[in-house]
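By convention in this document, chain letters (A, B, ...) are assigned in the order of the sequence lines, proteins followed by strands, and residues within each chain are numbered from 1.
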There are 2 protein chains.
Amino acid sequence: MTRRPGIDEVAALAGVSKSTVSRVLNGAPHVSTRTREAVRRAVIQLGYAPNQAARSLAGHRANAIALVVSETTGRVLADPFVAGVMRGVHAELAGRRTQLVLMMSRPGDVGSYLTGGHVDGALVISMHGHDPLLSLLHDNGLPVVAGGRPLAGGPVPYVDSDNFTGAVDATRHLISLGCGRIATIAGPTDMAVGLDRLSGWRRAMSGRRTDLVAHGDFTAQGGASAMTSLLTREPELDAVFVAADIMALGALQVLNAHGRRVPEDVAVVGFDDSVPAVPPLTTVRQDVERFGRMLMWRLLAEIEGEEGLPPSVLLPTSLVLRTSA
Amino acid sequence: MTRRPGIDEVAALAGVSKSTVSRVLNGAPHVSTRTREAVRRAVIQLGYAPNQAARSLAGHRANAIALVVSETTGRVLADPFVAGVMRGVHAELAGRRTQLVLMMSRPGDVGSYLTGGHVDGALVISMHGHDPLLSLLHDNGLPVVAGGRPLAGGPVPYVDSDNFTGAVDATRHLISLGCGRIATIAGPTDMAVGLDRLSGWRRAMSGRRTDLVAHGDFTAQGGASAMTSLLTREPELDAVFVAADIMALGALQVLNAHGRRVPEDVAVVGFDDSVPAVPPLTTVRQDVERFGRMLMWRLLAEIEGEEGLPPSVLLPTSLVLRTSA
DNA sequence: CTGAAAGCGCTAACAT
DNA sequence: ATGTTAGCGCTTTCAG
């Protein structure tokens, strides 16, 4: 492999100074079309690719954006969500000379790196509880957007699915089916996504019996335990709104083991549209890829200092009717 | 936010030159304990964090490693695999000042970036077919390790699960159960993981009927189609080895729809241990996190120029007995 | 519209 | 064991 060409070689070949090459590369104005073309040709001919480290150093920009996924989240929250968001985030970045740096944070350790000027902004995905990372970053002036409403509130803009409305729709569907004893397997109480879906269920259930609530941790295992507990408390229940498909899988196993047929004996609605199941799940779909694109779009706008941006964005969900309810 | 301190400030505070600070930071030898301590204190007091761009530029090291996931793979291959591998990769990197840069490659576009000196090495996950990326990187002298055996062969070291043996074990289990008509839903023929699991099935089936093969694309949908085709060709089949749990989910749906009970009428064994199902799947487990750690370990060894490294590593799998077979 | 020159913050010889 | 001196390859004033 031959040494890679530097900007000087390009300049020489194009017969201009390296300043001009730099201008062309960065799309600066005030460059004649002739020179621009000459430089472009030279770049191609030499297969020149600028050195990012040098660019960052000289340009005071990192040309990198961090995607922070809390370590627990990586394990707990349905992986399809994170994977889909990543795809969207990436798609939105396409064409830019910006790297996506992935970080899995144990609480506390990534803060100094991020505020240390190594990235131009950060996307922080679905934090638990009152993680101080968001405010830390924000207070240090780093552009940040949260994926999922931060429980603690605060000034950080966020993108989220409309979990509340999705849950309302799901529950109303159960009601419209004529179900009388509708339970819910909710998510953890330290995540907004868990609380919002529970609130939606409560809203739709107003005027009805709302004590049939069990919490799971967004794992199949958790869904199974919750279902068992629900069945013990109310053997006659005839419907369950499960706040995540992955938990619904566990619930389905338990219902099956207890001889309940789905949907004949118990109707089940999930959330996420992330897993195939037997029977196929009626569920609330969220477009995770779009979620990711929106997230990145919002962050780029933030970084570029656009004015009048909405503090947050709520993405619509839709009910997908299948067999389970 | 106040301007972040540079190495000069640290040097001044510690009463030494910046070279010495650099030495301490990089763990170079020939530094007295006294100075080392003084520098450490100064670093902490100032909250100093070195500028990566400058380090890379001066040190001719990128301090970054790329994790390349082909775009199709991101969508098609069971996400739990990629997510788990990422966790492992990350865990192995913990403590190093090295960033993980995530890239989703459309065939062809990441090559120049990677060979352009922006990363010190690359991990390339589960390529389809004869993707030229691996050899491109390798030929350019970039340390590379493949996650999953590259179909095309070649000199690039790789880490993989022992898919062949896993499939043999799974199939032998089916045979030991007394099943007589054992089919398989294999993976795509353009991925080693698909071929290896199929070979394992064939090996275990030697002397038996081996025409009951249908291919799926590692999606539930694909598994469902394959199962349908199998059932049409041989309504009497009494066992299926499915080369991926996610496809098994689809197969289960179809078996269910056709009135076949699992495991009473048809025994099913999956691969990956990645999804909860009804009934719970007997499956071949691979430790994906370990896979990721091994991958990164191997790449770091490669980068550091260690001698006598094995060209490839095969990680063991284990059969997990549950209800489906 | 273009060129010259001065760094960006660090590492790595080379001295001492 | 530590300090001095050059750059690393760009971007960016500032001239022209």
Side-chain angles (χ1 to χ4, degrees), chain A residues 2-40 42-43 46-64 97-99 113 115-120, chain B residues 2-40 42-43 46-64 97-99 113 115-120:
Chain A
T2 74
R3 204 180 61 71
R4 45 192 306 252
I7 196 172
D8 297 285
E9 273 114 302
V10 177
L13 181 58
V16 299
S17 74
K18 52 181 186 171
S19 316
T20 300
V21 175
S22 175
R23 289 194 183 94
V24 172
L25 260 33
N26 295 290
H30 308 306
V31 181
S32 74
T33 313
R34 291 179 46 79
T35 353
R36 189 185 308 280
E37 284 314 313
V39 171
R40 290 236 167 93
V43 165
L46 262 36
Y48 169 75
N51 177 314
Q52 291 293 348
R55 295 193 108 185
S56 302
L57 186 57
H60 308 284
R61 248 176 283 108
N63 300 312
R97 288 179 182 280
T98 303
Q99 303 174 34
Y113 178 86
T115 58
H118 303 307
V119 296
D120 302 316
Chain B
T2 74
R3 203 180 62 73
R4 45 194 305 253
I7 197 173
D8 297 286
E9 273 115 301
V10 178
L13 180 58
V16 299
S17 74
K18 54 180 187 171
S19 319
T20 300
V21 175
S22 175
R23 288 192 183 96
V24 173
L25 259 34
N26 295 291
H30 309 305
V31 180
S32 75
T33 313
R34 290 180 45 82
T35 9
R36 188 186 308 280
E37 284 314 311
V39 171
R40 291 237 166 92
V43 165
L46 263 36
Y48 169 76
N51 177 314
Q52 291 293 348
R55 295 192 107 186
S56 302
L57 186 56
H60 308 284
R61 246 177 284 110
N63 302 311
R97 289 180 181 279
T98 303
Q99 303 174 35
Y113 178 86
T115 58
H118 301 308
V119 298
D120 302 316

> In B/S/- notation, 5' to 3', how is nucleotides 11-16 of chain C contacted by protein heavy atoms closer than 4.0 Å?
Replying inline: BBB---

Non-neighbouring partners of [X] that pass side chain to side chain donor-acceptor pair (under 3.5 Å), sequence neighbours left out:
X	result
A/Ser19	none
B/Gln52	none
A/Arg23	none

Excluding sequence neighbours, so at least two apart, what forms side chain to side chain contact (heavy atoms under 4.5 Å, CB included) with [X]?
X	value
B/Ala58	none
A/Ile7	A/Lys18, A/Val21, A/Ser22, A/Tyr48
A/Ala54	A/Asn51, B/Leu57

> Residues two or more places apart in sequence or in another chain: which of them pass salt bridge (Lys or Arg N to Asp or Glu O under 4.0 Å) with B/Arg61?
Replying inline: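 With sequence neighbours excluded, B/Arg61 shows a salt bridge (Lys or Arg N to Asp or Glu O under 4.0 Å) to no residue whatsoever.
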
>> Is B/Thr20 close enough to D/dT2 that one of its side-chain N or O atoms is under 4.0 Å from OP1 or OP2 there?
In response: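 No, B/Thr20 has no side-chain N/O under 4.0 Å of OP1/OP2 on D/dT2.
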
Closest non-hydrogen atom pair between [X] and [Y], with its separation:
X	Y	result
B/His118	B/Ala64	O-CB, 4.0 Å
A/Ala53	B/Ser56	CB-CB, 3.7 Å
A/Val39	A/Ala14	CA-CB, 4.0 Å

Rounded distance (Å) that lies between atom [atom2] of [N] and atom [atom1] of [X]:
X	N	atom1	atom2	answer
B/Leu57	D/dT11	CG	C1'	12 Å
B/His118	D/dC10	NE2	P	9 Å
B/Asn51	C/dG7	CG	P	18 Å
A/Asn63	C/dC8	CG	C1'	14 Å
A/Leu46	D/dG9	CG	C1'	15 Å

>> Can you give me the dot-bracket string for DNA chain D, 5' to 3', counting Watson-Crick and G-U wobble pairs with both distances under 3.5 Å, using [ ] for crossing pairs and | for partners on another strand?
In response: ||||||||||||||||

> Counting N and O atoms only, with roles assigned by atom type, does the side chain of A/Glu9 sit under 3.5 Å from a partner on the main chain of A/Gly6, one being a donor and the other an acceptor?
Replying inline: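 Yes, because the side chain of A/Glu9 sits within donor-acceptor range (under 3.5 Å) of the backbone of A/Gly6.
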
>> Among residues 31-38 of chain B, which ones have heavy-atom contacts with DNA chain C below 4.0 Å?
In response: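 Heavy-atom contacts with DNA chain C come from no residue of residues 31-38 of chain B; none.
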
